[in-house]
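Nothing here was measured: the structure is a model prediction, and the numbers come from that model. A, B, ... follow the sequence lines: proteins, then strands. Residue 1 opens every chain.
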Amino acid sequence: MPKITLPDGSQRDYDKPVTVAEIAESIGAGLARAALAGRVDGELVDTSFEVNTDAEVAIVTARDSDGLEVLRHSCAHLMAQAVQRLFPKAQVTIGPVVEDGFFYDFAFERAFTPEDLQAIEKMMQAIVKEDLVVQRSIMSRDEAVAMFKDMGEVYKVEIIEGIPGDEDLSFYRQGEFIDLCRGPHVPSTGKSATFKLTSVAGAYWRGDSNNEMLQRIHGTAWGSKKDLKLYLQRLEEAEKRDHRKLGKKLDLFHFQEEAPGMVFWHPKGWTIYLVIESYMRQVQNASHYQEIRTPQLVDYSLWEKSGHAAKFADEMFTVESDNRLYAIKPMNCPCHIQVFNQGLKSYRDLPLRLAEFGSCHRYEPSGSMHGLMRVRSFVQDDGHIFCTEDQIQSEVADFMDLLFAVYRDFGFDDVILRLSTRPQKRVGSDALWGDAEQALKDALNATGLPWELVPGEGAFYGPKIEYSLKDCMGRIQQCGTIQVDFFTPGSLGAHYIAEDNSKKVPVMLHRAVLGSFERFIGVLIEHHAGAMPAWLAPEQAIILNITDKQAKYCTQLQESLKNKGFRVSADLRNEKIGFKIREHTLQKIPYLLVVGDKEVESSTVAVRKRGGEDLGTMTFEDFCNHLSHDVSHFGRGEISAEQ
RNA sequence: GCUCGCAUAGCUCAGGCGGUAGAGCGCUUCAUUGGUAAUGAAGAGGUCCCCGGUUCAACUCCGGGUGUGAGCACCA
């Protein structure tokens, strides 16, 4: 007779096997109603699951993340059922849970329209009202194949045929709809009430671009109306922060048809860029990098030698001149090796760290471009460290220290670490790969931070670590990287004389902290909602006069502040002060300096922060100190609540 | 690159079952010199993305292209 232990430690005895639903019922009617699934000895199960031995049981509701996941998965089934009721010819494929929601891929003769989505949503509501019982059943593989063949569901047949052996498969039925699924699912369709279909778009069958394209309908589902509303608000907020919109509104940059995927930086956007560049230059100098500059156009033969042409020929821009073919460089490393190759190098020269703010062009697929985040022309804070195998670990460790310090200065405390290891197609011995992977693992472990292993995703020449930032919306943006390369230096003839007088090929570490300036600035804009911290703001302060009478004082003040190295403008237009305040607040300028007769008389300024906070009047000196103090703190620990 | 949308004034967007277009903001001019998120009035401003086709007539319909958005695929 089962003795059930509940999460709070209390125990209940039952005189016969009980289902999860019955356990919930015995605790309370409210819980029984809310029960979506159960967790029995750690395993997620349906509420119909029968417990016949002593077990730890938790009732899963929409309040916990497990419950939400079950709810979303069931919502995907609900949507598939609705689609098949409305469009019997539509075939079902897969329908997993994703962050905040779910999707289901269908094969259908025509595209679903937004009107179709509305109809589907309505049908889903109807099925919720019907409150169909969701029943689990087991079928053999052959039975299942026969059933789906009979239904004309060729994709399901393909899925099942791909499942090895003769293991039994579980199915979930609700009314006339049945789907292959591991489960668990909600006990009845009446449990999934709060959802919204959000979009329809193409998606390749099995994620392979050689396959036919299916139609993916995305939806979001929540445990309560309130949560759904919060989610939709979050989407709105993300849209407001979209760097493409803010870039236009704040006059930072633009794109135009004649140069797809290439940025026209405006004065304000370029100011941000330059501030970041000079900051990085200073950081790199302090970390013993030597900055260099290499050509944009390099004979194609170099890219053939380096191995890039073989792999990326389609993604390289080329230029023909004087019967020679050049590639516009897609990366900087081959050029850096040319610099390394000048003069004979000794082991005493290693590690040699070369850095370049290298401008690169890549022909990115048209569909992948996205504002500043993915462009065809970009600049990397690129660097290559030439070293011995023994030096890999300490160089990687030093780099990580530098990277974390930089990220902190930019206000990013949440960094996600991923190690990508040997891919199937690779160069170099397994022993070499083993050592390199171990060196990276050791460096990761030394941080004490959690990291993720991504097997098989390394570059063909070596393993890599990628560093992603989590912005204030929780979105993950890959920026930094360090990659171990055993191959390229040798292929381009790099060597040094070792202690034993032998000729050896150096290991090269490719590394970048920000990645591309373009992308990084895009991330910053969205993270700060355009309200850049003072050290990055293109205009740090603006002086506003009340009437013409103070114009001269304002101009003098502006000059004095400029001479101190601040980025300050003045708005002396014949407008009311309220109008000016509004306009420059919307332009997200950190400090608004109001000057009227009172300020002129007392040689002061009235300081207002962009958030609306009044700092009162202060002297020129006091304001300089205040701004200097703000600037010197970079963006550390900043939470950009200001709009 | 693939699927489906979208492209109208500097910006944000209306609009017409085919008869060359409109708002708000911005811009210019005039009045106003006003103390912390929008002063008032007048005016200027458009090859309705590009190239073809249908038509008496195309910004509107059809075909192609380019750019762009969402998603997929890709990302040295």
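The same atom, P, is picked in B/G46 and in B/G18; the two are 27 Å apart, to the nearest Å. To the nearest whole angstrom, the two P atoms, one in B/U33 and one in B/G15, are 43 Å apart. Atom C1' of B/C13 sits at a distance of 28 Å from the matching atom of B/A57, rounded to the whole Å. Across B/G65 and B/C75, the matching C1' atoms stand 27 Å from one another, rounded to whole Å. Between the C1' atoms of B/G16 and B/G26, the separation comes to 27 Å (whole Å).
Side chain A/Asp597 to base B/G35: no donor-acceptor pair is found below 3.5 Å. Between the side chain of A/Glu599 and the base of B/G35, a donor-acceptor pair under 3.5 Å is found. Between the side chain of A/Arg374 and the base of B/C74 there is at least one donor-acceptor pair of N/O atoms closer than 3.5 Å.
Residue A/Glu575 is classed as a base contact, given a heavy-atom separation below 4.0 Å to a base. Residue A/Gly578 is in sugar-phosphate contact alone, with no base atom involved, counting any heavy-atom pair closer than 4.0 Å across all strands shown. Residue A/Leu592 is classed as having no contact, given no heavy-atom separation below 4.0 Å to the nucleic acid.
Rounding to the nearest 0.5 Å gives a distance of 3.0 Å between NZ of A/Lys329 and OG1 of A/Thr294.
Taking 4.0 angstrom as the limit, A/Arg582 places none of its side-chain polar atoms (N or O) nearer than this to OP1 or OP2 of B/C25. Distances shorter than 4.0 Å separate none of the side-chain N or O atoms of A/Arg110 from OP1 or OP2 on B/C4. An OP1 or OP2 oxygen of B/C72 is reached within less than 4.0 angstrom by no side-chain nitrogen or oxygen of A/Arg206. Phosphate proximity of B/G1 to A/Ser209: absent, as no side-chain N or O sits under 4.0 Å from OP1 or OP2. Contact annotation: A/Tyr363 side-chain N/O to B/G1 OP1/OP2 distance is under 4.0 Å. In this structure, A/His370 reaches the B/A70 phosphate: one of its side-chain N or O atoms is under 4.0 Å from OP1 or OP2.
For the segment residues 456-465 of chain A, residues with any heavy atom less than 4.0 angstrom from an atom of RNA chain B are, sorted by number, A/Tyr461, A/Lys464.
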(message) Each nucleotide in nucleotides 44-49 of chain B should get exactly one letter: B, S or -. Can you fill that in based on protein heavy atoms under 4.0 Å?
(response) ------
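Between A/Leu250 and A/Lys268, the closest side-chain pair of non-hydrogen atoms is not below 4.5 Å.
Qualifying side-chain hydrogen bond (donor to acceptor under 3.5 Å, both in side chains) partners for A/Ser569, counting only residues two or more places apart in sequence or in other chains: A/Glu539. With sequence neighbours left out, A/His626 forms a ring pair (Phe, Tyr, Trp, His ring centres under 6.0 Å) with A/Tyr591. Residues satisfying the ring pair (Phe, Tyr, Trp, His ring centres under 6.0 Å) criterion with A/Phe517, sequence neighbours excluded, are A/Tyr273, A/Phe357. Residues satisfying the ring pair (Phe, Tyr, Trp, His ring centres under 6.0 Å) criterion with A/Phe312, sequence neighbours excluded, are absent altogether. By the ring pair (Phe, Tyr, Trp, His ring centres under 6.0 Å) test, A/Phe317 is found to be paired with A/Tyr363, residues two or more places apart in sequence or in another chain being considered.
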Collect all protein-nucleotide pairs involving nucleotides 8-15 of chain B in which both atoms are nitrogen or oxygen and the distance is under 3.5 Å.
| residue | atom | partner | partner atom | Å |
| --- | --- | --- | --- | --- |
| B/U12 | OP1 | A/Lys248 | NZ | 3.0 |

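No more than 12 heavy atoms of other residues, nucleotides or ligands sit less than 6.0 Å from atom CD of A/Glu69.
Between the A/Lys305 side chain and the A/Gly493 main chain, no donor and acceptor come within less than 3.5 Å of each other.
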(request) Dump the intermediate steps for ring-ring contact (aromatic ring centres under 6.0 Å, His included) on A/Tyr104 and A/Phe106, then the final yes or no. (result) CA-CA 7 Å; A/Tyr104 209 113; A/Phe106 302 94; 5.1 Å; yes
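Of the N and O atoms on the side chains of A/Asn332 and A/His384, not one donor lies less than 3.5 Å from an acceptor on the other residue.
Here the rule is side-chain contact (heavy atoms from CB on, under 4.5 Å) with A/Asp571, and of A/Ile581, A/Ile542, A/Ile577, A/Ile543 only A/Ile542 fits it.
Nearest to the side-chain atoms of A/Met316 among the listed nucleotides B/U36, B/A76, B/C2 stands B/A76. Closest to the side chain of A/Ser368, from the set B/C74, B/U39, B/C75, is B/C74.
Using a 5.5 Å limit on the distance between ring centres and a 30° limit on the angle between planes, the aromatic ring of A/Phe579 does not count as stacked on the six-membered base ring of B/A38.
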(message) Dot-bracket, 5' to 3', for RNA chain B please: Watson-Crick or G-U pairs under 3.5 Å, [ ] where pairs cross earlier ones, | where the partner sits on another strand, dots elsewhere.
(response) (((((((..((((.....[..)))).(((((.......))))).....(((((..]....))))))))))))....
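Under the salt bridge (Lys or Arg N to Asp or Glu O under 4.0 Å) criterion, the residue pairs touching residues 90-116 of chain A are A/Lys89-A/Glu109, A/Asp100-A/Arg234, A/Asp105-A/Arg216, A/Arg110-A/Asp116, with sequence neighbours excluded. Sorted by first and then second residue, the salt bridge (Lys or Arg N to Asp or Glu O under 4.0 Å) pairs involving residues 596-606 of chain A (not counting sequence neighbours) are A/Lys549-A/Asp597. Pairs engaging residues 371-387 of chain A under the salt bridge (Lys or Arg N to Asp or Glu O under 4.0 Å) rule: A/Glu364-A/Arg374 [sequence neighbours left out].
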